[in-house]
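Everything on this sheet refers to the single structure shown next.
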Amino acid sequence: MSKEYNPQQIEKHWQQKWEEDGLYRSVIDTSREKFYFMTMLPYPSGNLHIGHWYAMSPSDARARFLRMKGYNVVFPMGFDAFGLPAENAAIKRKIHPKEWTYSNIDNMRRQLRSMGAMIDWEREAISSDPKYYKWTQWFFVQFFKNRLAYKKESPVDFCPNCNTTLAREQVWGEDRHCERCNTPVIKKNLNQWFFKITDYAEELLDFSAIDWPERVMAMQTNWIGRSEGAHVVFKTERGDEMPVFTTRPDTLWGATFMVMAPEHPLVDALTTAEQRAEVDAYVDMAARASDIEREATDREKTGVFTGAYAINPVNGDRIPIWISDYVLMTYGSGAIMAVPSHDERDFEFALKFGLPIIPVIDRIDGLAKSFVVNGSVKDGFDKALSDAGIAADKDKDGNIRVTLDTAQIDEYVALVEKHLQSGFWVEIVGGRWLFIFEDGVVPFNGVEADQAILARCKSLEPGVAENRTLMEMLAGQPFYQEALFHHEYGAMINSAKFTGTPGDAAKSTVTEWLEEQGIGHGAINYRLRDWLISRQRYWGAPIPMIHCPECGIVAVPEEELPVLLPDDVEFMPTGESPLKLHPTWRHVTCPQCGGPAERETDTMDTFMCSSWYQYRYLSPNCDFYPFDPEEGAYWLPVDQYTGGIEHATMHLLYTRFFTKAMRDCGVFDQIEPADPEHQPASIFDEPMTRLYNQGIILGEDREKMSKSRGNVIDPDDLVSKYGADTVRAYLMFAFKWDQGGPWDSQGIQGPIRFLNDVWNLVTAPQPGDGGSKAADNDVRALRRKTHQTILRVTRDIDEFSFNTAIAALMELKNTMQDYRSTPVAHTEAWDEAIRSLLLMLAPFTPHIAEELWAFIGEEYSIHQQAWPAAIEELAEEESITLIVQVNGKVRDRIVVPANIGEDEAKTRSLASENVQKHLGGKAPRKVIVVPGKLVNIVG
RNA sequence: GGGGCGGUGGCGGAAUGGCAGACGCGGCGGACUUAAAAUCCGCUUCCUCCGGGAGUGUGGGUUCGACUCCCACCCGCCCUACCA
C-alpha cells in the first residue's frame, strides 16, 4: 500500500473486485427482512450530471446503511430510454435514436460505476428494450380490455411550423413555444388515446397508506382539484339542455346570464342570425389564440352574445347566453351559470358588458356604505349622524361618506328620510341594498328592481344616463369599491323562499331542493383530466392497436407482442412520425376478421414506461409476465423511493394510478404475499410506501445549472480530481439533503482534508508513547466519543440527515487526532474507535473504508459487516458543565458530576460568587433545576 | 389569486422549550519553508467604558426560560392558476 491517499487507484480497484465478487447482487432470502430501495431512474442524455450524484449517492449511503443493519436490500438501476431528445439527435445529426440512446447508456453505466454505488446490475431495466416494452404494450392491452384506455378527439398542443403535435414536456417556457423551432404552440383537435385516471381521482386523494412528504401530497391534491357543488340543468329557450357545474348552488338566484366556451358544441346551433358574424369571428379568434394568450388572467375579459336565451330553472328568469374564452371547454361541462354578484370573473364580465348583477348572498362582515352627495340632504344631517354614533366623514367636495354597521341601517334610513332634499336619492350598499327616494325606500332585490330603480335615478340625475345597470352606476363611486362584491358563504338574500337560509346550510339546503325538483343534484368535479398517452413520435413504445375498417379498434393479440419498432425509418426534418411514412410497417391483417387493417402509428408517452419500472426491476428478463411473481411476493412494495420534487404531479401521480389500475386488472392476483402476517392487505394499492425528495444543486452563481450559463459542474472532472468518495462526502456534508443549495468549489476542501486525515490516522504509525500507560480518564473519554458518535450517526442516517452524520464523524476524527500522540493510541479503545470510524464511513465513502479496513487486517468486505452497536452506558457523560442562570441569563458555569442531584445543583449554584452578585443580596424567588443541564435562579 | 417551502455569522449549515452559531468553507495571526503550496497551532456574530450589553426576517403573546410553541405581518424561492 502506498503511503499517500490515492483515490483514483483504490476506487477502481475495489469497484472491480466488488463486481467480480457480485457483492451487490441481491437475491431472495426469506430468512432476512427485505428492503426495496429505489431512486428515480435517469434519462440517458449521455452524461450523469451533478444532480444525479446528489440524488443517488445519499440514497446509496442509506441503502448501504440498511444493508449493514441486516436488511436484505435491493438497489436497482435502469434507464428511461424512450423519448424525444433521441429523435431530435436523429434529425439533427443523422444518428439512429437507438444508436444514440445505447451509446449514451454505455457511458452512463460507466459513470454510475465510478460512483461506487451498490447497484445490482443484474436487475437493470431499459425501457426501450423490446423485452421491456413488450410488457409496456401488454399493460396497454390490459387497460384497453378493462376499459381504462380509450380513444377520443381532444385538443392537444400543436406546433404549426413543425406540423406535428407536441407532448406536454416538449412545450417550453412561459410563452409556451415549441422546443425544436421556438414557434408558439396552438391547440388542435386530434384523435388521441387516453387512460382513465379520472376514475381514480377519489382514491388518489387518499394518502393514508403511504408516508410521503406533505408537499407532494399537497401538490397532488391541488392537481386533482376536487370541488364539491352541484350539477344543475339549465334549458335554452329552444329546449336544449345546458348542464353546468357550480360550487355555489346557493347563488343560483343570482345567475343572470350564462357563458359557454367558444368551442362548446351548442354554440353554432344557438347563435341567432343577427349575432352570427360576431360569434363566428370570436370563435375563430379563440381558436387561433395560443393558450398563453387565452389564459393570461390579467387580460381584460372578452366575449360575444349569441342572441340566445336560457331559462334559470330556479326562478324562470330569461337570461342571455354569451360565449367567452374565460370559460374552458375542458373543465366541467364547458358552460357556466354566471353569478356576477359573487364570482369575481363573472362580476368583471358583467360590468364590462352591462349585464345585471344582483346580490343574493349577505355579507358576513356586515359592511355597509352610503355616499351622500353634497346638497342631497338638509343641514343638520351630519350632526344627526354623529348624535346617532354613525361613522361618517366629508370629502373635499362636501360629500358625506358613511360607513355603517348592519345594526345601524334602520336608524340611518330614518335619518336620511328625514333630511332628504327634494329631487335627490341616497343609497345604501353592501350589508343591505336600499335606495331611499323622497316617496319611500326601494330595495334593490332583483332584475326588475335593477331597471326600475335605475330609471328613477336617471330621471333625477342625467349624469348616470350612460349606465346600463345599477351595479355599473355604483361601481363608478370609488368609495363603494370593496362593498359591492364578495364571495363569502353568507346567508341567502333575494332568493325567493330560500331568503334567510344561513350560510353554513345554504349549499346543502339548495342542493337537496334541486334534487327534489329534478333540476339538479349534488356533484363532485375534478380538475384532473384523463391521461393523454398518444405521441405522434417514433422513439417510443408503439401503441399495440389495430384499426380495422370492419371491426373497428382491435388490440394486437398478446402472443404477438411486442409490436416492434421498425429500424429502417427516415426522419423528417418536420418531426413528423416516421411510422406514418414507413412503406410497410403500418399495413397488417386484422386479428379478428383477417382483412386488411392498419396499425396505430402513435407511440406511448414515456411516463407510461416509467410508471411500472419498479416491477420490471424485479426480473428484467422474465418472459412470461411483466415481473416474476415470486420476486414480487418477496420484494414488493418499494419501501423507499427517492427523487426530485419536479415529478410530483406527473410521474408520481401516474405511477400511483398505474399500480391501482394493475390491481384492478388483476395483475397482482398471482402473487402470494410472502408474509401475509406482516404485509397489509393494501400492499398493492400504492407503489412506494415511503418517499423522500432531495433538493437541487445550483451553480456557484446561485443560478440553476445550465450549459448556456456556463455554471455546470461536471462530476467526471471532480471524480478524476478528488475521487468519488470525496465527491460523495461533499454532496452529503454540504447541504441539507431536501434543501440543496449552491455549489462551492472551495467547500469541497473540507471533505478532502477529512478523508486525508482519516487516511493518515489509520495508516501512519502512531507517534505516541506505547510504553507508558494510558490514563483511564482518557480511555473512557475516547470510548465515550466513539459510542456517542455511533448513536448520532445511526439516528442521523435514519432521519436522512446526512450532513450532521458526517459532521459527527469529523468530530470523532478530531477527537482521535487529539489522542493520537498519547498512550491512548495504543489501547483497545483506540482500535475500537478506528474500526467504528471505518464502519460508519462505509456507507458514505465505500472505497476508502474498504481499503483501510483491509489495511488494518479486517475481513473482506467491510460492506458485509454489521453496523456498529452503541453501548449507551459508555456514551454517557461523567461530568457536565452546569449552566447557572440568573433570570434567564448565564452567570456562571460549574463542572459537576453528570448525575448531580437537584438539591446539590441548587446549593452549588447559589454558592457562586457571580450569582450572588447578580442577585444583589436578595433571596431567590424560585429556582428551576433542569437535571444535567442548567439551574435558573429567578430573583 | 391559491398552495407549498424557507428566512440563524462573510458562506454552507448545527441546535428533544434549556450555553445560539456544532461541523466545515472562507478570513485573520503565527509556526514550518529561500519562497509558495500543502501541513500544523491560535482567533474569527456584533457592540463595549472589558463590568457587560445586543443578537436567529418584523411586531406581539405563552413561559422561570423561545431559533424552537401560538397570533399577526414582511421578504425570498418553488409549484399552480380565468377550474365555475
Side-chain angles (χ1 to χ4, degrees), chain A residues 213-219 221-223 225-227 229 244-248 251 255 259 294-299 301 324-328 330-339 342-346 348-349 487 525-529 645-646 648-649 693 695-696 698 702 729-730 733-736 738-754 756-757 760 792 795 801 803-814 817 881-893 914 917-918 924-939:
Chain A
E214 200 58 47
R215 194 161 43 141
V216 176
M217 297 192 290
M219 284 170 83
T221 303
N222 288 340
W223 187 258
R226 181 184 200 271
S227 16
V244 299
F245 173 75
T246 176
T247 54
R248 296 298 301 268
T251 66
V259 187
R294 276 188 61 163
E295 287 173 11
T297 322
D298 48 358
R299 197 180 55 132
K301 297 262 178 298
S324 173
D325 60 12
Y326 83 89
V327 174
L328 309 176
T330 44
Y331 184 79
S333 64
I336 61 159
M337 65 173 210
V339 182
H342 305 290
D343 179 286
E344 215 154 355
R345 297 150 300 178
D346 298 345
E348 196 194 321
F349 191 85
H487 49 73
N525 205 43
Y526 302 92
R527 210 188 66 118
L528 183 72
R529 320 269 163 80
I645 185 74
E646 65 274 16
T649 53
N693 300 110
I696 298 169
L698 303 171
R702 296 166 169 276
Y730 176 58
F733 174 65
F735 318 91
K736 292 197 229 191
D738 56 348
Q739 222 67 70
W743 181 262
D744 177 3
S745 52
Q746 284 296 335
I748 200 168
Q749 288 302 329
I752 291 171
R753 288 176 190 147
F754 172 56
N756 265 305
D757 286 350
N760 292 329
R792 277 176 66 183
R795 191 197 59 211
S801 185
N803 55 342
T804 53
I806 292 180
L809 290 171
M810 286 175 170
E811 278 187 47
L812 176 60
K813 178 225 68 175
N814 290 344
Q817 279 180 327
T881 304
L882 190 70
I883 302 305
V884 185
Q885 298 180 329
V886 176
N887 292 328
K889 286 195 193 303
V890 180
R891 296 304 179 188
D892 207 351
R893 290 153 218 264
N914 207 31
K917 193 178 126 198
H918 282 274
R925 281 196 290 135
K926 196 173 175 186
V927 179
I928 286 135
V929 180
V930 183
K933 288 260 166 69
L934 62 63
V935 175
N936 189 12
I937 298 161
V938 185

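All of these numbers come straight from a predicted model, not from anything done at the bench. In what follows, every chain begins at residue 1, and chains take the letters A, B, ... in the order their sequences are listed.
If you take CG of A:D343 and P of B:C83, they are 8 Å apart, rounded to a whole angstrom. Here the C1' atom of nucleotide B:G26 and the CG atom of A:D744 are 8 Å apart, to the nearest Å. In this structure, A:I645 atom CD1 and B:U80 atom C1' are separated by 13 Å, rounded to whole Å. Summarising the geometry, the separation between CG on A:L934 and C1' on B:G65 is reported as 8 Å, rounded to the nearest angstrom. Whole-Å rounding puts the A:L328 CG to B:C83 P distance at 8 Å. If you take OH of A:Y730 and P of B:G26, they are 11 Å apart, rounded to a whole angstrom. One can place CZ of A:R753 at 15 Å from P of B:C23, the figure rounded to the nearest angstrom. One atom, CG of A:N222, and another, C1' of B:G4, lie 8 Å apart when rounded to the nearest Å.
Across B:A84, B:G65, B:C23, the shortest atom-to-atom separation from the side chain of A:N936 is found for B:G65. Comparing B:G6, B:C82, B:C25 against the side chain of A:Q739 picks out B:G6 as the nearest. Closest approach to the A:Y331 side chain among B:C64, B:C23, B:A84 is made by B:A84 (side chain taken as heavy atoms from C-beta onward). Residue A:R345 has its side chain nearest to B:C82 when only B:G51, B:C82, B:G12 are considered. Taking every side-chain heavy atom of A:Q885 into account, B:G18 is the closest of B:G18, B:G12, B:C5. Picking from B:C79, B:G52, B:G24 the nucleotide with the shortest atom distance to the side chain of A:M219 gives B:C79. Here the side chain of A:A734 is nearest to one of B:G12, B:C82, B:C64, namely B:G12.
Contact check, A:Q746 against B:G26: a side-chain N or O comes under 4.0 Å of OP1 or OP2. Between A:R702 and B:G12 there is a side-chain polar atom (N or O) within less than 4.0 angstrom of OP1 or OP2. Phosphate contact (OP1/OP2 of B:G24, side-chain N/O of A:N814, threshold under 4.0 Å): present.
The shortest distance between side-chain heavy atoms of A:K889 and A:H918 does not fall below 4.5 Å. Counting only heavy atoms from C-beta outward, the side chains of A:V930 and A:V935 never approach each other to under 4.5 Å. Side chains of A:R891 and A:I937 form no contact here, defined as non-hydrogen atoms less than 4.5 Å apart. Between A:D343 and A:R248 there is no side-chain heavy-atom pair separated by less than 4.5 Å.
Comparing B:G4 with B:G52, their C1' atoms sit 44 Å apart, to the nearest whole Å. The separation of B:C67 from B:G2, taken at their C1' atoms, amounts to 29 Å, rounded to a whole angstrom. The P atoms of B:C19 and B:C71 are separated by 25 Å, rounded to the nearest whole Å. As rounded to the nearest Å, B:C32 and B:A37 have P atoms that lie 15 Å from one another. Look at the C1' atom in both B:C50 and B:G60: the space between them is 35 Å, to the nearest Å. Here the separation of B:G9 from B:C28, taken at their C1' atoms, is 15 Å to the nearest Å. Using atom C1' as the reference point in both B:A20 and B:U68, the two lie 11 Å apart (nearest Å). Distance noted for atom C1' between B:C11 and B:A81: 36 Å (whole Å).
In plain terms, the two heavy atoms of A:G334 and A:V327 that are nearest each other are O-CG1, 3.5 Å. Residue A:Y526 comes nearest to A:Y331 through the heavy atom pair O-CE1, 3.8 Å, listed as atom of the first residue, atom of the second, then distance. Across every non-hydrogen atom of A:V244 and A:S333, the tightest pair is CA-OG, 3.6 Å. Between A:H342 and A:H487 the shortest heavy-atom distance is O-CB, 3.4 Å. In terms of heavy-atom proximity, A:Q817 sits nearest to A:D757 at NE2-CG, 3.3 Å.
A:G750 comes within contact range of the sugar-phosphate backbone alone, with a heavy-atom separation under 4.0 Å but no base atom that close. Nucleic acid contact for A:G747: sugar-phosphate only, since backbone atoms but no base atoms lie under 4.0 Å from a heavy atom of the residue. Counting any heavy atom pair closer than 4.0 Å across all strands shown, A:R226 reaches no nucleic acid atom. Note on A:R893: a base of the nucleic acid sits closer than 4.0 angstrom, heavy atoms only. In this structure, A:R527 reaches the bases: a heavy-atom distance under 4.0 Å links it to at least one base atom across the strands shown. Residue-level contact check: A:T330 touches neither bases nor backbone, having no heavy atom under 4.0 Å from any strand. Within 4.0 Å (heavy atoms only), A:E344 reaches no atom of the nucleic acid at all. Heavy atoms of A:K889 sit under 4.0 angstrom from primed sugar atoms or phosphate atoms, though from no base atom. The residue A:G695 sits apart from the nucleic acid: no heavy atom pair falls under 4.0 Å.
In this entry the base of B:G51 is syn relative to its sugar, with a glycosidic angle within 90° of 0. In B:G59 the O4'-C1'-N dihedral to the base is more than 90° from 0, which defines an anti nucleotide.
A donor-acceptor distance shorter than 3.5 angstrom exists from the side chain of A:Y730 to the backbone of A:D744, with no hydrogens or angles considered. No side-chain donor-acceptor contact under 3.5 Å links A:N525 to the backbone of A:S227.
Comparing A:N525 and A:K926 by the nucleotide of RNA chain B that holds the closest heavy atom to each, the one mapping nearer the 5' end is A:K926. Map A:N887 and A:M810 each onto its nearest nucleotide of RNA chain B; the residue landing nearer the 5' end is A:M810.
With the 3.5 Å cutoff on both pairing distances, Watson-Crick and G-U pairs in RNA chain B assemble into runs of at least 3 at B:1-7 with B:74-80, B:10-12 with B:23-25, B:26-31 with B:39-44, B:45-47 with B:52-54, B:57-61 with B:69-73.
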Worked check of side-chain contact (heavy atoms from CB on, under 4.5 Å) between A:I336 and A:T246: CA-CA 7 Å; A:I336 61 159; A:T246 176; over 6 Å; no
Is there any protein nitrogen or oxygen under 3.5 Å from a nitrogen or oxygen in nucleotides 14-17 of chain B, and what are the pairs?
{"unit_1": "B:A14", "atom_1": "OP1", "unit_2": "A:N803", "atom_2": "ND2", "d": "3.1"}
{"unit_1": "B:U16", "atom_1": "O4", "unit_2": "A:K933", "atom_2": "NZ", "d": "3.2"}

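In this structure, A:Y326 and A:F349 have tilted ring planes: the angle between them lies in the 30° to 60° band.
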